[in-house]
Amino acid sequence: MPVLLLVDGSSYLYRAFHALPDLRTSQGEPTGAIRGVLSMLRRLESDYKAEFRACVFDAKGKTFRDELYPEYKSHRPPMPDDLRAQIEPLHAAVQAEGWPLLAVEGVEADDVIGTLTRQAQERGWEVVISTGDKDLTQLVRPGVKWVNTMSEEVLDEAGVEEKFGVPPERIVDYLALVGDAVDNVPGVEKCGPKTAVKWLTEYGTLDNLVANADKVGGKVGENLRKHLDFLPLGKKLVTVATDVALPLELDALPARGDDKAALRALYERFEFRGWLKDLDGPGGSAPVRKDGGGARSANAAAPEASGAVAAVEATDPPAAPGAHRGSYVTILDWATFDAWLAKLDAAALVAFDTETTSLDPMAAQLVGMSFATVAGEAAYLPLAHRGPDVPAQLPFAEVLARLKPWLESDAHAKLGQNLKYDAHVLANHGIRLAGMAHDTLLESYVLESDKSHDMDSLAKRHLGLTTIPYTDVCGKGAKQIGFDEVALERASEYAAEDADITLRLHRTLWPQLEAVPALAALYRDVEMPAMQVLFDMERTGVLIDDFLLAQQSEELGRRLMALEREAHELAGQPFNLGSPKQLGEILFGKLGLPVVKKTATGQPSTDEEVLVQLSDDYPLPKLLLEHRGFAKLKSTYADKLPRMVNPKTGRVHTSFSQAVAVTGRLASSEPNLQNIPIRTAEGRRIRAAFIAPRDHVIVSADYSQIELRIMAHLSGDARLLEAFAHGEDVHRATASEVFGVTPAEVTSEQRRYSKVINFGLIYGMSAHGLAKNLGIDRAAAQGWIDRYFARYPGVADYMERIKGEAKAKGYVETVFGRRLYLPDLRAQQVGRRQGAERAAINAPMQGTAADLIKKAMIAVHGWLGASGLKSRLILQVHDELVLEVPRDELELIRRELPARMGGVAELAVPLLVEVGAGNNWDEAH
DNA sequence: CTGCTAGCATA
DNA sequence: GTATGCTAGCAGA
């Protein structure tokens, strides 16, 4: 089914002009809006394979709305000269890009789009309307969707209803009630979105509402009645016309190829240097213009055939959710395999994905692989599908052997979505994946770490496409089947789509990264290399003493039993100590202890803080605290870790997630090795079970006070910088300042207070939080905060500055330019907003620390590799690196490591690294 | 069997 | 007061 892509050029022109920086050529000609609109067209071109398309602009001349209502748009200020100056050149550029351009005198762009949409619908075509104007959502229908390429919002019927509360058919009713300030169309006074939706939900349509206007109560009801006379006119004004006379037919709008000569001239005039370069050679990120795809590409290869009507792709499957699917093939014979291998060898970049038997990277076995070299075209190579109806697949070993050179070649660039996983899968088959050039997971993460990065979400968000969810193919929960059991046709569809979508995603994400040099650098120089380091760390794993853990488990079990018995005696009845519900009934019901605080659901809380308070006056809470501590150690660590030992390697292989923490930190899971106990003696016994093999030691190197140092750097506070420059104990220095004594006179109590304050600063503390933590009243806590800020004015300034910056920009940055978006800064609820403000303070510090240690990992890993050392990185715990070191390398590592880690950046403070070594992780501290 | 809550381990 | 992941218990399928 052909796709018609309609772009509201006028709406984007205005928005680009106001939203984008004031770009100018050296002659002073404004070009910002031109560039903005053109890059949106390019993005659309790569996002949608549309056989027909048009870019529509408003034209001069009075429209029917002006006739109906002289005030229409009458309040608008005249168009800025800098905007007007860009219209003509933009029109020229749009046409040179191969976009049919429509500007119909006396007709607004909206009405042209409305009319073309109706015509296309009548022919059964699909329509994509790209605009920044929400009024056009009234045109959405099955097969017609609305996308805002600037905000990347995509709305279908359900989406419109979700966003506005009324279906597309009711949008005009809704607009007539609410009015349109932009176009100077008044609505019912005091009737906003909420009221309009309420009325339309109650009365169904505007007409019915009008018929029942006398029944509507309240002041707004009165306003409605006052407005009854105007409503029909208002509705006409907000209704997009679908029947205006157009000077041409749909068939006159095929997607054409670009006019290179014209583009070159225009780009030269606009001084778009990067795009000029793209014109010369097919750059890595240029939209697909060669062979294979659909009618659009075919025409692009032959610009002179611009009048030809696009042919419909014969291999397009019919189903709606897969409408984007191009020609996907399943490789089942050698001839097809050879043809694809030749393609892979020749391609500059190949999107690549594996299908496997398991989500556990160390256990997963290969079931198949998919490849894509051109958007819309992909192949699935099944290797190990099982089942009665499975056709013969090419022989596993032979295929792998023939693919191995390509897979292991650094010169053949691969692109994937979470390539670290694919690298593990291949490693399980003895293949060392090389040439990992791009990863859409990491691209998305660097661009917007607060969003989700799974392929289904990415496809929806960036391409407006609905992909096949994994659970649709394999089911979920207990009934989930392995990918090797999926019917081949279904598997092929799913797998090929994965590769195809990955490629398309890269084509839209990568240019976005390149547009912000700091982000591109972060992606290229930090995240991509870190992925390789993490892969090696995961693969190496850590050795644990499972016998020691088993002993501890038994001992913990005994002590838990004893504690339980005592607790039951004190309670006068047996109950489950691990059940907060039963515990609450005993403590606050039967024993009548005072309720200190409640949980989120209104239940009396029994958490640690509460039990600590109660244990002053009662015996049971103390037992419970001990029980809780031991139970956690036993179940989470002593019992769990031995079960996580990989039978093949005899070691524990955690999984590091590189794209979950919004601040840039890593996360460790299955098992989480970043939360191994350290605070209590009992807990440290767990840590002691992380051991080094024979003739090796565990080395731990951590950044000292990293976040406070970063705070000193970011704030530039003179006193704080000085304290670090002189290698002082910062908490003691803080105490000395705040309490007004010499450092030598600081008591341990004063130092403890200062430490809490320092941590509080990093977390964006409030007086309330500090008071709770120190067990003092709010006023006293505020007093300490005031004294701190008086002594460290640079820090106070910084806190204010960062909050202001966050509000202005919507995000904060790390020292290296990593962005954390904070949409909640504009939230309605005070609580959410304050939370976002605290996050704004914390994120640059936590995030910069994360950047630094990632750089350190890359530096250390590179150094170990380059010098042929056998020492291995095995863990990262946010400010600490853990290595397994052969004894004969210990001296060298001890000597070199601090400088390697400390030298990754020049901050205004020295980066101090403390190194320890021992037979186990506990001893290494 | 799944999804939620409470609680708690780390930096 | 920031950022995570995992466990047991429990309610509702």
Side-chain angles (χ1 to χ4, degrees), chain A residues 449-450 475-480 575-584 597-611 624-625 627-641 644 654-657 659-680 682-684 686-687 702-708 711 756-774 781 785 799 812 820 822 831 834-847 849-850 853 875-880 921:
Chain A
S449 65
D450 59 322
K476 57 176 179 173
K479 284 192 279 286
Q480 192 165 60
F575 68 101
N576 184 345
L577 278 72
S579 162
K581 187 168 163 257
Q582 294 182 32
L583 184 55
K597 67 169 175 179
K598 305 230 172 150
T599 69
T601 54
Q603 299 303 306
S605 168
T606 68
D607 71 8
E608 185 176 334
E609 190 196 324
V610 170
L611 295 183
L624 295 170
L625 280 169
H627 186 273
R628 284 252 179 91
F630 290 157
K632 176 92 179 174
L633 289 178
K634 183 173 189 298
S635 64
T636 310
Y637 305 106
D639 288 348
K640 194 63 207 273
L641 288 173
M644 300 299 289
T654 185
S655 193
F656 286 107
S657 303
V660 296
V662 291
T663 50
R665 273 191 182 179
L666 299 176
S668 158
S669 63
E670 290 180 276
N672 181 354
L673 298 185
Q674 289 182 323
N675 71 346
I676 301 303
I678 193 169
R679 285 172 209 203
T680 67
E682 282 300 329
R684 278 199 297 277
I686 301 285
R687 200 164 264 246
D702 65 276
Y703 284 114
S704 162
Q705 309 290 1
I706 185 73
E707 293 185 357
L708 274 179
M711 186 169 90
V756 173
I757 293 173
N758 279 332
F759 271 100
L761 287 163
I762 294 170
Y763 297 150
M765 81 180 155
S766 62
H768 176 72
L770 184 66
K772 226 168 91 175
N773 214 301
L774 288 174
I785 293 174
M799 297 291 172
V812 291
L820 167 63
L822 297 158
Q834 287 173 338
E837 281 173 14
R838 291 191 295 271
I841 288 172
N842 175 259
M845 296 184 257
Q846 191 182 123
I853 198 161
L875 292 174
Q876 186 255 44
V877 194
H878 308 310
D879 64 0
E880 170 189 13
W921 195 4

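Every chain is numbered from 1 and lettered A, B, ... according to where its sequence line falls, protein lines coming before strand lines. Only heavy atoms go into these numbers, but all of them, side chains included; no hydrogens, no water, no symmetry mates.
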Checklist entry - In whole Å, what is the span from the CE atom of A:Met845 to the P atom of C:dG1? => result 16 Å
Next on the checklist: If the condition is side chain to side chain donor-acceptor pair (under 3.5 Å), which residues does A:Glu837 pass it with, not counting sequence neighbours?
Outcome noted: A:Lys807
Checklist entry - Who passes side chain to side chain donor-acceptor pair (under 3.5 Å) against A:Arg628, sequence neighbours left out? => result A:Thr606
Item to check | Set of side chain to side chain donor-acceptor pair (under 3.5 Å) partners for A:Asp639, sequence neighbours left out | outcome: A:Ser553, A:Lys634
Checklist entry - Of A:Glu670 and A:Thr663, whose nearest nucleotide on DNA chain C comes first from the 5' end? => result A:Thr663
Under 3.5 Å, N/O pairs linking protein and nucleotides 11-13 of chain C:
residue: C:dA11; atom: OP1; partner: A:Lys581; partner atom: NZ; Å: 3.3

Checklist entry - Who passes side chain to side chain donor-acceptor pair (under 3.5 Å) against A:Thr654, sequence neighbours left out? => result A:Ser668
Item to check | side chain to side chain contact (heavy atoms under 4.5 Å, CB included) partners for A:Thr680, two or more places apart | outcome: A:Glu682
Just distance, no hydrogens or angles: give the donor-acceptor pairs under 3.5 Å from side chains in residues 765-774 of chain A, sequence neighbours left out.
residue: A:Ser766; atom: OG; partner: A:Gly769; partner atom: N; Å: 3.1

Item to check | All pairs passing salt bridge (Lys or Arg N to Asp or Glu O under 4.0 Å) where residues 759-769 of chain A contributes a residue, at least two apart | outcome: none
Checklist entry - Can you list every salt bridge (Lys or Arg N to Asp or Glu O under 4.0 Å) pair that touches residues 660-672 of chain A, not counting sequence neighbours? => result A:Arg665-A:Glu707
Checklist entry - How is A:Val756 classified with respect to the nucleic acid when contacts are heavy atoms under 4.0 Å: base, sugar-phosphate, or nothing? => result base
Show the distances under 3.5 angstrom between N or O atoms of the protein and N or O atoms of nucleotides 1-4 of chain B.
residue: B:dT2; atom: OP1; partner: A:Ala478; partner atom: N; Å: 3.1

Checklist outcome for this item: In B/S/- notation (B base, S sugar-phosphate only, - none; protein heavy atoms under 4.0 Å), nucleotides 5-11 of chain B written 5' to 3' is SSBBBSB
Checklist entry - Which residue pairs pass the salt bridge (Lys or Arg N to Asp or Glu O under 4.0 Å) test when at least one of the two sits in residues 599-608 of chain A, sequence neighbours left out? => result A:Lys597-A:Asp607
